[in-house]
Visitor: 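Mind looking over this structure? Questions follow.
In what follows, every chain begins at residue 1, and chains take the letters A, B, ... in the order their sequences are listed.
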Protein chains: 2
Amino acid sequence: MKRIAESTVRRLSLYLRFLEEFEKAGKLTIASGELARSGGTTSAQVRKDLSFFGSFGKRGLGYSIRELTGAIRGILGLKHSWKVVIVGAGKIGAALAQYSGFPDRGFNVVGIFDNDPRRVGQWYDGVAVADVCSLEADVRRLGAEIAIIAVPPQAAQGVADRVAAAGIHAILDFSTAAITVPPSVTLRSMNMAVELEILSFALTEGARQ
Amino acid sequence: MKRIAESTVRRLSLYLRFLEEFEKAGKLTIASGELARSGGTTSAQVRKDLSFFGSFGKRGLGYSIRELTGAIRGILGLKHSWKVVIVGAGKIGAALAQYSGFPDRGFNVVGIFDNDPRRVGQWYDGVAVADVCSLEADVRRLGAEIAIIAVPPQAAQGVADRVAAAGIHAILDFSTAAITVPPSVTLRSMNMAVELEILSFALTEGARQ
DNA sequence: CCTTGTGAATCGTTTCACAGCC
DNA sequence: GGCTGTGAAACGATTCACAAGG
């Protein structure tokens with residue numbers, strides 16, 4: 001099977017969001033054009049994205065919302081839930097730990113870690129903050145599959161190395177550092193500094209023209 | 001001037017981070033290859049990215065770190081500071097409001113808004129939470145240029161419409177909704193749901209192969 | 001007649017490779 | 001000799017356009 005572009009996967013995730021809304025609204029079928037309009041793309045793009053994985057529609061009719069939702073959830077690996085650990089129980093880490101949208105979508109926080117003794121032992125939504133010393137052991141014991149890094153930038157690379165060594169293959173990095181991981185690990189960065197600077201560039205460019 | 005790709009701007013922002021580290025370490029010059037290695041790209045990519053904006057290096061020598069840092073800060077519009085409002089003073093909004101890395105990099109939080117009377121009046125780092133009723137008026141009065149949206153997904157689109165109407169041209173959306181904005185507004189989404197689903201896909205794909 | 005699925009064409013980005021300069 | 005700056009080539013993603021099927 002051909003390698004799938006990240007942009008395709010990102011759009012599938014968005015389609016899923018819109019499909020769930022349409023489903024809630026009681027709609028039964030949808031055409032690629034309508035899905036495209038919700039997501040700011042084109043009908044050809046929607047069809048091409050789906051075509052990498054099979055054919056899910058009926059010519060002349062469109063897609064069954066129920067079926068397409070199921071298909072995309074299967075493609076994205078959302079038919080079962082994932083175990084997530086959060087490293088860093090500061091403001092952002094704590095906010096994420098309490099975020100209720102998580103479990104709803106199949107991502108269960110099974111561990112939270114910090115190196116500050118004042119934070120260790122605090123409870124967030126049924127999970128106690130553990131000392132980061134036990135990170136590797138706990139990741140293995142709990143069978144965690146995804147790590148969220150929410151530590152200061154200087155500590156981010158070290159944490160990434162440690163969770164990778166403990167067998168984690170997927171990392172979501174909230175720090176403003178730019179970290180690197182071995183090829184066997186998938187890394188997504190939610191780097192607020194970078195996003196703000198992209199906005200700054202756009203504002204500046206707009207003013208230049 | 002040709003349109004600049006978003007990927008180029010994102011890399012410039014990363015280069016800036018590495019350059020600042022090298023500068024702190026006392027290095028004076030750097031070659032494209034070394035910058036590339038820090039950022040997981042290639043020397044040709046670094047040179048091409050910079051070439052869109054001018055020529056900043058010396059053949060045979062590389063780039064003066066001091067000069068290149070200044071040039072990139074100029075390109076990204078970071079030579080002056082930006083006024084930011086945060087809409088939503090829940091867990092994420094409050095965490096962002098207190099985030100000290102913000103002002104360091106020229107992004108000053110000048111306003112925080114919420115619709116919950118229990119949150120209105122709370123102080124975060126010298127700024128009081130205001131009622132979201134006064135959003136448009138305050139945005140104009142304060143001269144805010146960037147809005148950060150940290151509200152529940154159902155409310156995100158409405159907030160985006162309101163800040164856009166109030167004259168804001170740059171939005172950073174932390175909600176898990178997929179919102180749309182007029183072409184005059186630049187939108188960046190830090191959509192945790194999408195990023196987690198991309199990780200889920202990668203883990204599933206890895207297992208499939 | 002409407003809408004999908006898809007090869008072919010187009011467009012944009014990255015990589016190559018080398019002339020030009022320090 | 002070493003490294004930049006940049007056209008040209010290669011690659012990858014998006015858009016087009018149409019045959020096929022309900």
Visitor: What are the two closest heavy atoms between L135(A) and R162(A), and how far apart are they?
Guide: CB-NH2, 3.8 Å
Visitor: Can you figure out which of dT13(C), dA8(C), dT14(C) approaches the side chain of K48(A) most closely?
Guide: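 Output: dA8(C).
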Visitor: Where each residue is assigned the nucleotide of DNA chain D containing its nearest heavy atom, which of E6(A) and R59(A) is assigned the position nearer the 5′ end?
Guide: E6(A)
Visitor: Please list, in numerical order, the residues of residues 21-32 of chain A that have a heavy atom closer than 4.0 Å to any atom of DNA chain C.
Guide: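 Nucleic-acid contacts, sorted: A31(A), S32(A).
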Visitor: Run through V151(A), V132(A), V159(A) and flag the one making a side chain to side chain contact (heavy atoms under 4.5 Å, CB included) with N115(A).
Guide: V132(A)
Visitor: Find out whether T176(B) and R105(A) are in side-chain contact, i.e. whether some heavy atom of one side chain is under 4.5 Å from a heavy atom of the other.
Guide: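 T176(B) does not reach R105(A) side chain to side chain.
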Visitor: According to a strict under-4.0 Å criterion, is S55(A) in side-chain N/O contact with OP1 or OP2 of dT4(C)?
Guide: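 Result: no.
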Visitor: Determine the contact category for S7(A): base if any of its heavy atoms lies under 4.0 Å from a base atom, sugar-phosphate if only primed atoms, P, OP1 or OP2 are that close, otherwise nothing.
Guide: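 Sugar-phosphate, no base atom in range.
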Visitor: I'd like the 5' and 3' limits of the part of DNA chain D contacted by chain B, with heavy-atom contacts below 4.0 Å.
Guide: dG2(D) to dA8(D)
Visitor: Whole angstroms only, please: what is the CG-C1' distance between L68(A) and dG5(C)?
Guide: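 That distance rounds to 14 Å.
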Visitor: Under the side-chain contact (heavy atoms from CB on, under 4.5 Å) criterion, do I86(A) and Y99(A) qualify, and how do the steps go?
Guide: CA-CA 12 Å; I86(A) 297 174; Y99(A) 176 56; over 6 Å; no
Visitor: If I compare all heavy atoms of I112(A) with all of A89(A), which pair ends up nearest, and what's the gap?
Guide: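 Heavy-atom minimum between the residues: CG2-CB, 4.1 Å.
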Visitor: Among R10(B), R73(B), R17(B), which residue satisfies the side chain to side chain donor-acceptor pair (under 3.5 Å) criterion with E197(A)?
Guide: R17(B)
Visitor: Please state whether the phosphate of dT14(C), meaning OP1 or OP2, lies under 4.0 angstrom from any side-chain nitrogen or oxygen of R11(B).
Guide: yes
Visitor: Indicate the atoms forming the closest heavy-atom contact of V185(B) with V181(B), along with that distance.
Guide: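 Taking every non-hydrogen atom into account, O-CG2, 3.6 Å.
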Visitor: Between E195(A) and N191(A), do the side chains contain a donor N or O and an acceptor N or O under 3.5 Å apart?
Guide: no
Visitor: How close or far is atom P of dT4(C) from atom CD of E67(A), stated in whole angstroms?
Guide: 14 Å
Visitor: Among dT4(C), dC22(C), dT14(C), which nucleotide has an atom closest to any side-chain atom of R47(A)?
Guide: dT4(C)
Visitor: For the pair made of CG in D49(A) and P in dG5(C), what is the distance, rounded to whole Å?
Guide: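 So the CG-P distance, D49(A) to dG5(C), works out to 12 Å.
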Visitor: Give a yes/no answer on whether the side chain of Y63(A) brings an N or O atom under 4.0 Å of OP1 or OP2 in dG5(C).
Guide: yes
Visitor: Hey, is the side chain of Q45(B) poking within less than 4.0 Å of OP1 or OP2 on dT15(C), counting only N and O atoms?
Guide: yes
Visitor: Pair R188(B), E6(B) - check side-chain contact (heavy atoms from CB on, under 4.5 Å), show working.
Guide: CA-CA 11 Å; R188(B) 305 287 319 157; E6(B) 186 214 297; 2.9 Å; yes
